[in-house]
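The next block holds one structure in the form of structure tokens; read it before the comments.
The structure presented is a predicted model; accordingly, all values stated were derived computationally and were not measured.
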Amino acid sequence: MSVLLNLFTYHDEYRPPVWKSYLYQLQQEAPHPRRLTCTCEVDNRPKYYGREYHGMVSREEADQLLSVAEGSYLIRESQRQPGTYTLALRFGNQTKNFRLYHDGKHFVGEKRFESIHDLVTDGLITLYIETKAAEYIAKMTINPIYEHIGYTTLNKEPTLKKHLPVCKEVPDGPDGVRDPELTSLVRRATLKDNVHTTKYEKVHNFKVHTFRGPHWCEYCANFMWGLIAQGVKCADCGLNVHKQCSKMVPNDCKPDLKHVKKVYSCDLTTLVKAHNSKRPMVVDMCIQEIESRGVQSEGLYRISGFSDLIEDVKLAFDRDGEKADISVNVYEDINIITGALKLYFRDLPIPLITYDAYPRFMEAAKITDPDKRLEAHHEGLKLLPPAHCETLCYLMAHLKRVTQNDKDNLMNAENLGIVFGPTLMRAPDLDAMTALNDIRYQRQVVETLIKNEDILF
């Protein structure tokens, strides 16, 4: 709930959400666990079970023993499958039997518990609520409070609008035939006109979470029942919701810096949203530092810097963020900075040219007609998330300036393509041979993006 309260900086006639107590009241009413202890010594009792273990007893015997009270439970060894264990639990005047497992923790389903008592407590709560409120739970996501409490209103950003290039009318040639050269020029101009001007949309990074103390879902306002793993929490912005409600939450995550612990190996969109920037600060700072020193250094980006110092730069960004000192006073060798920039792109969990866009770019690289190849690259760019596209645009403009000094640095677009192809692109789950064959096309993709940076971006 704290996430929501912090977001209300302004809202016309704002009224606090009404947290619904029905499911909370049901949890309070749920039966309490009653351990039925075995009064005699049982041979071969597993060390991780206590006096609730009754050895090899039948379902009928367990049912008779548990009939004393609702919530009673015992553990028995299966007669049909010796060596396997069953949790017998009294609920709704019936004995329910669950196959019981232990791998360091006790479980009968997805949730894992430190003790049998906790497992039974959570099970009784879940059984009681799902029995009493099945229809209510099925309708929880109808009329959510999420759209009305400010989070979406203040933070929702438009999705990327993927406009197709405008087909401008092209004058005919002398014989009524369109001039192919003129058509090509107009096509290139329309590619340049199509510019991404949107803000960044980001999906929530939900993870199963155990909430200490009562918690309410910030989507439907209902209580999050259970003893552990009651719902999910966004690891980037802290939003707390039911697992079923998480499927309904819009892609409007606004990461909080306290949840984003590092720069390298962090999802690119998450990083820029957390820092409220257009591009990752490591990209801006490294490129600005490289260009301030001049891009005439021979073998720029091809020559590797000392790996230990590159790792130092990575740790500095992870520790200090935009306050990291990467100046010439600290790192005299420019190849340390270029190495740190390449490492950033290699460490991205989702490559700069994403897995979704990868096949389109591979297809584009294989097209022989220059104009059609350019259009295909443009279609590939439209598949990139806005933050990725903005970062790629900035990087390609920088690499274009590097190629303008190739007489000194010996790094033309082809050479930079060899360096950056595998750095910016990774084959999604392809076999080793296919991935190896793709390297040639990866180089061609980056080479095309550099040479046509002024048209494509």
Side-chain angles (χ1 to χ4, degrees), residues 22-134 136-138 207-215 222-233 242-244:
Y22 175 54
L23 298 179
Y24 176 74
Q25 291 169 356
L26 287 183
Q27 175 161 312
Q28 299 300 102
E29 297 170 7
H32 295 287
R34 297 170 180 266
R35 185 173 74 150
L36 192 64
T37 58
C38 185
T39 55
C40 58
E41 193 63 37
V42 180
D43 294 333
N44 302 319
R45 183 178 66 193
K47 62 181 180 180
Y48 38 82
Y49 296 141
R51 302 290 295 181
E52 69 276 2
Y53 180 73
H54 285 244
M56 192 175 286
V57 298
S58 67
R59 283 176 173 245
E60 293 73 21
E61 289 177 280
D63 183 55
Q64 187 174 4
L65 289 169
L66 294 173
S67 62
V68 292
E70 190 82 342
S72 299
Y73 71 93
L74 60 81
I75 297 173
R76 61 183 180 84
E77 185 176 5
S78 172
Q79 290 182 325
R80 295 177 183 175
Q81 294 179 288
T84 63
Y85 305 98
T86 298
L87 171 67
L89 173 65
R90 192 73 174 179
F91 178 80
N93 294 320
Q94 295 179 347
T95 298
K96 297 182 177 292
N97 293 277
F98 303 91
R99 180 75 174 270
L100 188 59
Y101 302 90
H102 182 269
D103 62 356
K105 291 189 176 181
H106 304 280
F107 61 100
V108 297
E110 291 181 357
K111 294 184 180 182
R112 282 165 162 72
F113 299 83
E114 296 289 346
S115 69
I116 293 293
H117 183 273
D118 286 350
L119 186 155
V120 174
T121 302
D122 186 85
L124 288 168
I125 291 170
T126 301
L127 286 168
Y128 188 78
I129 288 179
E130 291 182 354
T131 300
K132 293 282 187 179
Y136 182 90
I137 291 170
K207 310 259 187 210
V208 175
H209 189 77
T210 294
F211 298 95
R212 303 302 177 191
H215 267 73
N222 281 290
F223 178 66
M224 302 170 78
W225 67 90
L227 197 63
I228 68 166
Q230 303 96 328
V232 294
K233 184 185 187 80
H242 291 111
K243 187 175 181 180
Q244 60 265 48

pair R90-T95: side-chain heavy atoms closer than 4.5 Å: yes
Side chains of R35 and Y73 in contact at under 4.5 Å (non-hydrogen atoms): yes
H242 versus F223, closest heavy-atom pair with distance: NE2-O, 2.9 Å
Ring geometry between Y53 and Y49 (parallel below 30°, tilted from 30 to 60°, perpendicular above 60°): parallel
side-chain contact (heavy atoms from CB on, under 4.5 Å) between I137 and Q244, worked out: CA-CA 10 Å; I137 291 170; Q244 60 265 48; 3.7 Å; yes
Minimum heavy-atom distance between P33 and T121, given as atom pair plus value: CG-OG1, 3.2 Å
Atom NE2 of H32: over 12 foreign heavy atoms under 6.0 Å: no
Heavy-atom side-chain proximity of H215 to K233 below 4.5 angstrom: no
Nearest heavy-atom neighbours spanning G231 and M224: CA-CE, 3.7 Å
Flag, side chain of S67 to backbone of Q64, donor-acceptor distance under 3.5 Å: yes
Positive for side chain to side chain contact (heavy atoms under 4.5 Å, CB included) with T86, one of I75, N97, L100: N97
Min side-chain heavy-atom separation K96-L127 under 4.5 Å: yes
Backbone N/O of T39 and side chain of H54: donor-acceptor pair under 3.5 Å: no
Close side-chain approach of R112 to D103, heavy-atom, < 4.5 Å: yes
Gap separating the OH atom of Y85 from the CZ atom of R76, nearest 0.5 angstrom: 12.5 Å
N44 atom CG: more than 12 heavy-atom contacts under 6.0 Å: no
Exceeds 12 heavy-atom contacts within 6.0 angstrom, atom CD of Q28: yes
R59 side chain near Q79 side chain, heavy-atom distance below 4.5 Å: no
Where L124 and A30 come nearest, the two heavy atoms and their spacing: O-CB, 4.2 Å
F113 and D122, any side-chain heavy atoms less than 4.5 Å apart: yes
Heavy-atom closest pair, residues R34 and A69: CD-CB, 3.6 Å
Rounded distance (nearest 0.5 Å) linking atom CG of L119 with atom NZ of K111: 9.5 Å
Flag if over 12 foreign heavy atoms under 6.0 Å of CZ, R45: yes
Minimal non-hydrogen separation, I129 against W225, with atom names: CD1-CB, 3.3 Å
Close side-chain approach of Q230 to T210, heavy-atom, < 4.5 Å: yes
N-O pairing of R51 and E41 below 4.0 Å: yes
Pair Y128, E29: side-chain N/O donor-acceptor within cut-off below 3.5 Å: yes
By side chain to side chain contact (heavy atoms under 4.5 Å, CB included) - contacts of Y136 (at least two apart): K20, Y22, L23, A133, M140, N222
CD on E61 to CG on L66, rounded to 0.5 Å: 11.5 Å
Pairwise distance CD(E60) to CG(L65) - rounded to 0.5 angstrom: 11.5 Å
